[in-house]
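Only one structure is covered here, and it is reproduced in the block below.
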There are 2 protein chains.
Amino acid sequence: MARTTIKDIAQECGVSLSTVSLVLNNNPRISPATREKVLKAVERHQYQPNAFARSLASRQSSIISVVLPDLNHVFADPYFGEIVSGIYDRASELGYKVMLDVANHRFVSTGEYINTLKSKRADATLFIGSSIYDTYLDQIEKEGLAFILVNHYMPGRDISYIAADYKETARLAAEHLLGLGHRCIGFLSGTTTNTALDLRASFIDACVAGGIKETDVPWADAWFTEQGGYEAAQWLIERYPNMTAMMGGNDKMAIGAMRYLSQKKTACAGGHFDYRSGRHSRSLLHPPRTDDHPARPLPHRQPRGGLRVGAVQPGSEAASEDPARPAYRS
Amino acid sequence: MARTTIKDIAQECGVSLSTVSLVLNNNPRISPATREKVLKAVERHQYQPNAFARSLASRQSSIISVVLPDLNHVFADPYFGEIVSGIYDRASELGYKVMLDVANHRFVSTGEYINTLKSKRADATLFIGSSIYDTYLDQIEKEGLAFILVNHYMPGRDISYIAADYKETARLAAEHLLGLGHRCIGFLSGTTTNTALDLRASFIDACVAGGIKETDVPWADAWFTEQGGYEAAQWLIERYPNMTAMMGGNDKMAIGAMRYLSQKKTACAGGHFDYRSGRHSRSLLHPPRTDDHPARPLPHRQPRGGLRVGAVQPGSEAASEDPARPAYRS
DNA sequence: TTGAAAGCGTTACCAT
DNA sequence: ATGGTAACGCTTTCAA
């Protein structure tokens, strides 16, 4: 039995294709009577418009593509998972579907991240993760594709991005630790994104502004993994025995650092710093105990948090640092 | 500037549309010369066929839809993430894209899980997670839609499924614990899927077969969450103080149970049981220590592991328990 | 080996 | 307020 199409509905109702189409698209210039009649038939047949015909004619896919970095089991990674959750929620509110991709070698070398857009499979791409080299970006910039970097940005390029406010995060975390009395604080993070570099620079600045010497903020550069955190912590602790606190660039690094400490039998309280609330929750590895570092309110400023957005309008020349809203979302 | 289409390529090469199309689809009946000429032009223009036109004409979307349960931040859940990773890897090998969905109220009540298939947006749906009620299934069964349950199944219904071998898993885990000398073993799991029920039944059976009384395998039914595991462990321990081991239906429950134990200051070694290797890794919460339960080889049988597959052929009447391969994948 | 033409199921424009 | 009809860009017979 052939699929029911808009034509079947039209015939059955004795109206034209256009009428049915207009009803389906909630066009107000259809009389309530006809509308009702059509809707009834649609219901009766369980009619479902063909998405491809629709997309072909309307030149709109209502699909956004989300690209994750080529990490092992990246979909099982809570960091990316949280981001995808957020994207999914908002996208489905707006009637978009989310299509997944991984920026593996094939995906990149075949230019598939571009093709997805050019073949109109997706209306826009959200590119999460940092394994993005300059070569990719040229074509995106040139063709003005709807391509947005997430938690990453490329200074000097007309590429839209949206990122957590890492600078503010770093400042809040630094002030939190300073407020607890720490005077020598290690910093572990990767350097594969510009946001990560911001994090480090801003963390050090905030510590210095808080009254400790720059040399008392030793840092280590490592991979954004548990192993990276483990090694970075070891490296730092062997060189800075008077260090009393550490900040990791992400949860995985922090967990790795804590694992190192606990193997060293070092007393250790770890947790997760939420920049939006300014709260330091200690649920990461250990059950909360009342006798480890009590959380104190931040010394002065209220946390502000937020997002940084650099939006390139499809036709425009330069990226704006306008925090209003990302491009491609009007 | 308009998008380049198959027409542009055809004109430029002085061939017809069909020829270009055939080349693009690797049809062998095109002469190498023409093929080459066309391919050159394609390359020159960075031509990318419109996915919708293609799907419309070929009635094939090359997209599979993956539906996850409506848990909070489900994309950040490692359990589901691992499954999605596996699906993604295989799908992209086969040239399929993966589209995400969440079985939330709207998605279900509007019948969107059906519409996705009927509108041809997706060639098939993989339905992961258990919040699936009988009402959904009727239409799927009736219309023979390409719909596959993952780690879940519905006895007596013509719905394809694919699931880990929970029965074998339970047996291996039970034998592992028995082999370590435990004689009273708690079991915590949910009951929201038939696979979970299998897990429990099979675990108890294996314990009984291993020589302990059924009453020495107390079990608790709880949500598949950390909180569920925490509460179930508490419930069991308060009633069965001579219990020396527990098995959780998933990692989250196990973590919850361990958290309860560690708050009780009970010495506790936890880990993850891999049914494929028969290995019990203890990396879950604590760094490995040599002085906790040493892993011993399994008492007798080699682990077999594997999948259970019930495949319904699109036109067929009954579900087969044939482990050959899932339906809809020939 | 290649080309012509008829779909595929919608949307969107222009009439009426 | 509704209908006719030409796109949309490709695949797929069927002829040549």
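Chain naming here is simple, since letters A, B, ... match the order of the sequence lines and numbering starts at 1 in each.
As a whole-Å value, the separation of L22(B) CG from dT12(D) C1' is 9 Å. Rounded to an integer number of Å, the gap from CZ of R29(A) to P of dG3(D) is 12 Å. Between N25(A) atom CG and dC13(C) atom C1' the separation is 15 Å, expressed in whole Å. Look at CD1 on I30(B): it is 8 Å from P on dG3(C), rounded to the nearest Å. Between K120(A) atom NZ and dC10(D) atom C1' there is a gap of 16 Å when expressed in whole angstrom units. Look at CG on L24(A): it is 12 Å from P on dA12(C), rounded to the nearest Å. As a whole-Å value, the separation of E36(B) CD from dT1(C) C1' is 17 Å.
Counting any heavy atom pair closer than 4.0 Å across all strands shown, S21(B) reaches a base atom. Among the protein residues, S55(A) comes within range of no part of the nucleic acid, since none of its heavy atoms lies under 4.0 Å from any strand. If you check every strand for non-hydrogen atoms under 4.0 Å, V20(B) touches nothing.
Qualifying side chain to side chain contact (heavy atoms under 4.5 Å, CB included) partners for A57(A), counting only residues two or more places apart in sequence or in other chains: none. For K120(B), the salt bridge (charged side-chain N to carboxylate O under 4.0 Å, His left out) criterion is met by no residue, not counting sequence neighbours. Residues passing the side chain to side chain contact (heavy atoms under 4.5 Å, CB included) test with S58(A) are Q60(A), sequence neighbours excluded. Not counting sequence neighbours, the partners of A122(A) by the side chain to side chain contact (heavy atoms under 4.5 Å, CB included) test are I63(A), S65(A), T116(A), L117(A). In this structure D77(A) satisfies the salt bridge (charged side-chain N to carboxylate O under 4.0 Å, His left out) test together with K252(A), sequence neighbours excluded. In this structure, the ring pair (Phe, Tyr, Trp, His ring centres under 6.0 Å) partners of F52(A), at least two apart in sequence or on a different chain, are F52(B).
In this structure, E43(A) does not pair ionically with K40(A), as no charged nitrogen and carboxylate oxygen lie closer than 4.0 Å.
Side-chain N/O atoms of S31(A) include one lying less than 4.0 angstrom from OP1 or OP2 on dT2(D). Taking side-chain N and O atoms only, T19(B) has a distance below 4.0 Å to OP1 or OP2 of dG3(C).
For residues 66-90 of chain B, the pairs satisfying ring-ring contact (aromatic ring centres under 6.0 Å, His included) are F75(A)-Y88(B), Y88(A)-F75(B), with sequence neighbours left out.
In this structure, the helix from dT1(C)-dA16(D) to dT16(C)-dA1(D) shows an angle of 30° between the axis at its start and the axis at its end, each fitted on 5 base pairs and rounded to 10°.
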Table of protein N/O atoms under 3.5 Å from nucleotides 5-9 of chain D N/O atoms:
residue	atom	partner	partner atom	Å
dG9(D)	N2	A53(B)	O	3.4

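For the residue pair T19(B) / S16(B), a side-chain donor-acceptor distance below 3.5 Å is found, with atom types taken as modelled.
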